[in-house]
Amino acid sequence: MKILVGLSGGVDSSVALCILKEEGHEVIGATMSIWDKAKHLNITAQKDACFSPHEEEDIKAARALCEKLDVPYHVIDCTKEYQRLVLDNFKSEYLAGRTPNPCVICNATIKFEALPRSAKAQGIAFDKFATGHYARLSYNENLQRYQLRCAADEKKDQSYFLYRLQQEQLSRIHLPLGEYTKEQVRDIARKYNLPVSEKPDSQDFYTGDINDILQTEPKPGNFVDKKGKVLGTHQGIWNFTIGQRRGLGISADRPLYVIGLDKDKNEVMLGYAEDGMKASLSAKDITWLSVPPFTEEKEIFVKLRSSQKPVPAVCVPNGNETATIRFFEKQKAVAAGQSVVFYDENGFVLGGGFIKSAHNAAD
RNA sequence: UGGGGCGUCGCCAAGUGGUAAGGCAUCGGCUUUUGGUGCCGACAUUCGUUGGUUCGAAUCCAGCCGCCCCAG
């Protein structure tokens with residue numbers, strides 16, 4: 001099979017390429033370019049990140065890998081799409097008092113969409129598109145659906161970031177690392193003597209100040225407690241997210257967390273940990289993945305953030321791609337704009353949506 | 001300028017003669033392909049100030065400075 005492999009310059013995608021080549025596939029390397037040099041001249045983010053001015057170093061690493069393995073390599077320019085679909089959304093969400101998750105959007109619209117599409121348009125032929133994501137993809141004959149499941153390595157599972165992929169996209173995708181553990185992947189990297197074999201894991205979206213991306217003027221407003229008492233001033237609600245503790249600069253007898261963002265009043269509401277616990281949430285723009293859309297309420301497991309162990313909840317579909325999710329136990333830091341991803345007891349990704357609002361009561 | 005009270009890290013606050021708790025904030029690290037959370041570590045040679053008593057004071061005494069309250 002001819003497989004286009006999305007390379008980030010890191011360990012995982014490099015090993016994915018090696019594995020597929022070893023399996024006898026005809027592989028092609030490709031890296032998406034998302035940093036628009038012309039637009040972001042004055043931004044300086046120091047450390048490595050997904051969206052970073054040091055993108056060229058990653059491209060250099062990916063290119064070197066392909067040369068070493070004698071594999072064709074291409075850089076696919078996705079800067080326009082990335083600006084329009086990821087960065088513009090990132091900005092409007094933050095300014096609206098919500099907390100976006102750029103990775104979720106990027107995967108569904110850029111990495112697994114614009115990248116392979118542009119590659120094809122450039123005349124690069126391939127049957128499947130592969131990445132180094134930790135998640136398992138399979139096809140269920142009975143349901144006639146592609147199904148996404150959490151990775152074998154629970155610690156590295158990235159299925160949360162992939163829940164918005166559609167059946168048509170999944171049909172063209174291959175995820176070779178789903179059954180591997182991170183340690184195994186590193187071992188393979190060492191076996192192939194890859195220069196990235198010891199490269200650190202984590203990758204932030206952006207390591208600089210997000211105001212670099214938002215490019216907006218400070219808008220001072222008040223920190224208030226839940227009774228409305230003014231506790232201090234902030235420089236813009238987009239600098240905060242529900243559940244945030246650090247960087248508030250306000251002392252109290254116990255730690256304070258952001259428990260609310262009011263765009264109209266331009267206020268950031270603070271409270272104790274227990275004040276931020278939520279019993280339910282409303283989700284919108286729900287997409288379904290491993291199963292057809294729910295028509296009645298069901299018990300499921302949900303993740304409110306990637307690194308969370310799925311927690312039991314009830315999903316009540318409300319039609320029109322919305323649903324109410326009721327937790328069995330109250331959850332912290334339920335932030336509008338973030339995603340709620342549905343799982344079953346076996347770790348299959350059922351679907352998910354964007355958190356529209358969180359509620360203290362169970363409805 | 002009569003009476004009373006108070007002044008310990010950026011904030012709150014223990015400590016009332018034996019050589020400065022704790023919480024919050026802040027900073028650093030770890031964790032993490034969003035935001036964030038969590039965890040670990042750092043953080044007052046000094047107790048408004050000047051003198052005195054004492055082997056020894058943030059703790060006792062006196063003056064001064066500052067703040068608060070009640071009377072006026």
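Note that the structure is predicted; figures quoted are calculated from it, not measured. The chains referred to below are lettered A, B, ... by the order of the sequence lines, with proteins before strands, and numbering in each begins at 1.
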For the [atom1] atoms, the ones on [N] and on [M], what distance do you get once it is rounded to whole angstrom?
{"N": "B:C39", "M": "B:U31", "atom1": "C1'", "value": "8 Å"}
{"N": "B:A20", "M": "B:C47", "atom1": "P", "value": "12 Å"}
{"N": "B:A58", "M": "B:G17", "atom1": "P", "value": "13 Å"}
{"N": "B:G3", "M": "B:G63", "atom1": "P", "value": "12 Å"}
{"N": "B:G18", "M": "B:G28", "atom1": "C1'", "value": "35 Å"}
{"N": "B:U19", "M": "B:A44", "atom1": "C1'", "value": "15 Å"}
{"N": "B:G29", "M": "B:G22", "atom1": "C1'", "value": "23 Å"}
{"N": "B:G23", "M": "B:A42", "atom1": "P", "value": "12 Å"}

Could you let me know what [N] is paired to, Watson-Crick or G-U wobble, both distances under 3.5 Å, or none if it's on its own?
{"N": "B:C39", "value": "B:G29"}
{"N": "B:C60", "value": "B:G52"}
{"N": "B:G66", "value": "B:C6"}
{"N": "B:A44", "value": "none"}

Minimum heavy-atom distance A:G351-A:Y163, with the two atoms named =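 Closest heavy-atom pair between A:G351 and A:Y163: C-CD1, 4.0 Å.
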Minimum heavy-atom distance A:I237-A:L261, with the two atoms named =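 Smallest heavy-atom distance, with atoms named: O-CD2, 4.0 Å.
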Tell me: [atom1] of [X] to [atom2] of [N], nearest whole Å?
{"X": "A:I110", "N": "B:U34", "atom1": "CD1", "atom2": "C1'", "value": "15 Å"}
{"X": "A:D153", "N": "B:U32", "atom1": "CG", "atom2": "C1'", "value": "14 Å"}
{"X": "A:F223", "N": "B:A25", "atom1": "CZ", "atom2": "P", "value": "12 Å"}
{"X": "A:L256", "N": "B:C12", "atom1": "CG", "atom2": "C1'", "value": "12 Å"}
{"X": "A:L162", "N": "B:U34", "atom1": "CG", "atom2": "C1'", "value": "13 Å"}
{"X": "A:D209", "N": "B:G35", "atom1": "CG", "atom2": "P", "value": "13 Å"}
{"X": "A:L87", "N": "B:G35", "atom1": "CG", "atom2": "P", "value": "14 Å"}
{"X": "A:Q338", "N": "B:U34", "atom1": "CD", "atom2": "P", "value": "10 Å"}

The side chain of A:K332 lies closest to which of these nucleotides: B:G35, B:G10, B:U37?
->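 Among the listed nucleotides, the one closest to the side chain of A:K332 is B:U37.
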The side chain of A:S251 lies closest to which of these nucleotides: B:C24, B:G35, B:G36?
->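 Among B:C24, B:G35, B:G36, the one nearest the side chain of A:S251 is B:C24.
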Assert yes or no for the condition that the ring centre distance of A:F294 to A:F342 is strictly below 6.0 Å.
->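 No; A:F342 has its ring centre 6.0 Å or more from that of A:F294.
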Do A:W35 and A:Y82 have ring centroids that are under 6.0 Å from one another?
->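 They do not qualify: ring centres at least 6.0 Å apart.
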Hey, does [X] reach any base, or is it just sugar-phosphate, or nothing, if we go heavy atoms under 4.0 Å?
{"X": "A:F205", "value": "sugar-phosphate"}
{"X": "A:R305", "value": "base"}
{"X": "A:Y257", "value": "sugar-phosphate"}
{"X": "A:S306", "value": "base"}
{"X": "A:C50", "value": "nothing"}
{"X": "A:F240", "value": "nothing"}

Taking for each residue the nucleotide of RNA chain B with the nearest heavy atom, is it A:D157 or A:Q244 whose nucleotide lies nearer the 5' end?
->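 The 5'-side residue here is A:D157.
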Under 3.5 Å donor-acceptor, A:N266 side chain and A:P220 backbone |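 Answer holds: yes.
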For residues A:N211 and A:Y94, is any side-chain donor paired with an opposing acceptor at under 3.5 Å?
->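 A:N211 vs A:Y94: no donor-acceptor pair found between side chains.
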What's the spacing between A:I76 CD1 and A:K120 NZ if we round to 0.5 Å?
->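 Taking CD1 in A:I76 and NZ in A:K120, the distance rounds to 12.0 Å.
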Side chain of A:Q308, base of B:U37: donor and acceptor closer than 3.5 Å?
->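 Between B:U37 and A:Q308, which were checked side chain against base, a qualifying N/O pair under 3.5 Å is absent.
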Run the salt-bridge test on A:D70 and A:K21 with the 4.0 Å N-O cut-off and return the result as yes or no.
->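 No, A:D70 and A:K21 are not salt-bridged.
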Classify the ring geometry between A:F240 and A:F223 as parallel (under 30°), tilted (30 to 60°) or perpendicular (over 60°).
->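 Ring orientation of A:F240 relative to A:F223: perpendicular.
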What is the per-nucleotide protein-contact pattern of nucleotides 26-31 of chain B, from the 5' end, where B denotes a base atom under 4.0 Å from a protein heavy atom, S denotes such proximity for sugar-phosphate atoms only, and - denotes neither?
-> SBB---
